[in-house]
J.: 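Mind looking over this structure? Questions follow.
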Amino acid sequence: MGRLWVLLTHAHSLAGPAIMLLYPLYASVIAIESTSKVDDEQWLAYWILYSFLTLLEMVLQPILEWIPIWYTVKLIFVAWLVLPQFRGAAFIYDGFVRHHLRTYGLADGGQHKSPNGKGKAKFVDFIIPRKGERES
């Protein structure tokens, strides 16, 4: 039983990089080379969500250390994001991320009109003050 447990532990630790990095890298290269835009959206959404998950994990590391099944939960979640049968990354991006980007004027290449009517993106107006405005 001891050898089986060691084998399962090693398989579990190798599954993470394979599911989270190797397969998505391979599929992203295939998506770039294909003419379809659907697979491009899936893999761009995956990398956005994977980056966010990694940043969140870095911030919450002291808390996540106390959750013994965190790695397994993360592995299952990322598998759901990656597997083409589910298209989880595109689903989350369409349902949540795109909505928030549009709310804050960051989607559609920043084409949202700003309150001053000059056509600048809200984000650009926030970062770059207009001439004549004093910085506080």
Side-chain angles (χ1 to χ4, degrees):
M1 183 66 178
R3 289 183 183 180
L4 178 62
W5 185 253
V6 170
L7 180 65
L8 288 175
T9 303
H10 287 300
H12 186 262
S13 60
L14 290 176
I19 291 173
M20 292 183 227
L21 295 172
L22 292 178
Y23 177 70
L25 284 170
Y26 170 76
S28 296
V29 170
I30 298 300
I32 288 173
E33 296 300 322
S34 76
T35 56
S36 172
K37 189 175 177 180
V38 174
D39 54 357
D40 294 351
E41 182 180 311
Q42 160 68 17
W43 293 111
L44 283 171
Y46 171 76
W47 290 113
I48 291 167
L49 294 170
Y50 181 76
S51 299
F52 179 74
L53 182 63
T54 302
L55 290 172
L56 190 67
E57 197 173 26
M58 288 171 53
V59 170
L60 299 176
Q61 184 63 35
I63 296 168
L64 296 176
E65 287 176 354
W66 290 92
I67 303 172
I69 62 167
W70 166 246
Y71 186 75
T72 303
V73 170
K74 177 184 171 186
L75 191 60
I76 291 168
F77 176 70
V78 171
W80 178 75
L81 291 177
V82 167
L83 291 174
Q85 295 89 342
F86 302 112
R87 293 186 32 87
F91 175 78
I92 289 179
Y93 187 83
D94 288 339
F96 302 101
V97 177
R98 181 173 283 147
H99 168 71
H100 290 319
L101 289 176
R102 287 185 178 161
T103 300
Y104 296 108
L106 300 175
D108 300 329
Q111 298 300 320
H112 295 282
K113 298 277 185 186
S114 64
N116 63 14
K118 294 183 179 178
K120 290 184 180 178
K122 293 177 188 177
F123 185 69
V124 173
D125 287 344
F126 175 73
I127 298 292
I128 303 171
R130 288 174 274 164
K131 290 184 179 182
E133 287 186 1
R134 295 174 51 194
E135 295 179 350
S136 31

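Given the structure is predicted, the values throughout are model-derived calculations rather than measurements. One-based numbering along the sequence shown.
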J.: Which atom pairs, one a donor and one an acceptor, fall under 3.5 Å between side chains of residues 83-95 and the rest of the protein, sequence neighbours left out?
T.:
| from | atom 1 | to | atom 2 | distance (Å) |
| --- | --- | --- | --- | --- |
| Asp94 | OD1 | Arg98 | NH1 | 2.7 |

J.: Ile76 and Leu56: same hydrophobic cluster, using ILVMFWY side-chain contacts below 4.5 Å?
T.: no
J.: Compare all side-chain heavy atoms of Val73 with those of Ile67 and state whether any distance is below 4.5 angstrom.
T.: no
J.: Check the hydrophobic clustering (I, L, V, M, F, W, Y; side-chain heavy atoms under 4.5 Å; chains of links allowed) and say if Met20 and Leu64 are grouped together.
T.: yes
J.: Would Leu53 and Phe77 count as a side chain to side chain contact (heavy atoms under 4.5 Å, CB included) if you check the C-alpha gap in whole Å, the side-chain angles of each, and the deciding distance to 0.1 Å?
T.: CA-CA 10 Å; Leu53 182 63; Phe77 176 70; 4.3 Å; yes
J.: Working to the nearest 0.5 angstrom, can you tell me the gap between Trp66 CH2 and Gln61 CD?
T.: 13.0 Å
J.: Taking the side chain as every heavy atom from C-beta outward, state whether Ile30 and Asp39 have any atom pair closer than 4.5 Å.
T.: no
J.: Would Ile69 end up clustered with Tyr71 when hydrophobic side chains under 4.5 Å apart are linked, directly or stepwise?
T.: yes
J.: Are any non-hydrogen side-chain atoms of Leu25 and Trp47 less than 4.5 angstrom apart?
T.: yes
J.: Report yes or no: do Ile19 and Leu49 belong to one cluster of Ile/Leu/Val/Met/Phe/Trp/Tyr joined by side chain heavy-atom distances under 4.5 Å?
T.: yes
J.: Atom NE2 in His100, atom OG1 in Thr103: separation rounded to 0.5 Å?
T.: 7.0 Å
J.: Look at the aromatic rings of Tyr46 and Tyr50 and report parallel, tilted or perpendicular, splitting at 30° and 60°.
T.: parallel
J.: Could you give me the CA-CA distance, side-chain angles and deciding distance for Val82 and Trp43, then say whether side chain to side chain contact (heavy atoms under 4.5 Å, CB included) is met?
T.: CA-CA 8 Å; Val82 167; Trp43 293 111; 3.8 Å; yes
J.: For the residue pair Tyr26 and Tyr23, does the interplanar ring angle fall in the parallel (under 30°), tilted (30 to 60°) or perpendicular (over 60°) class?
T.: tilted
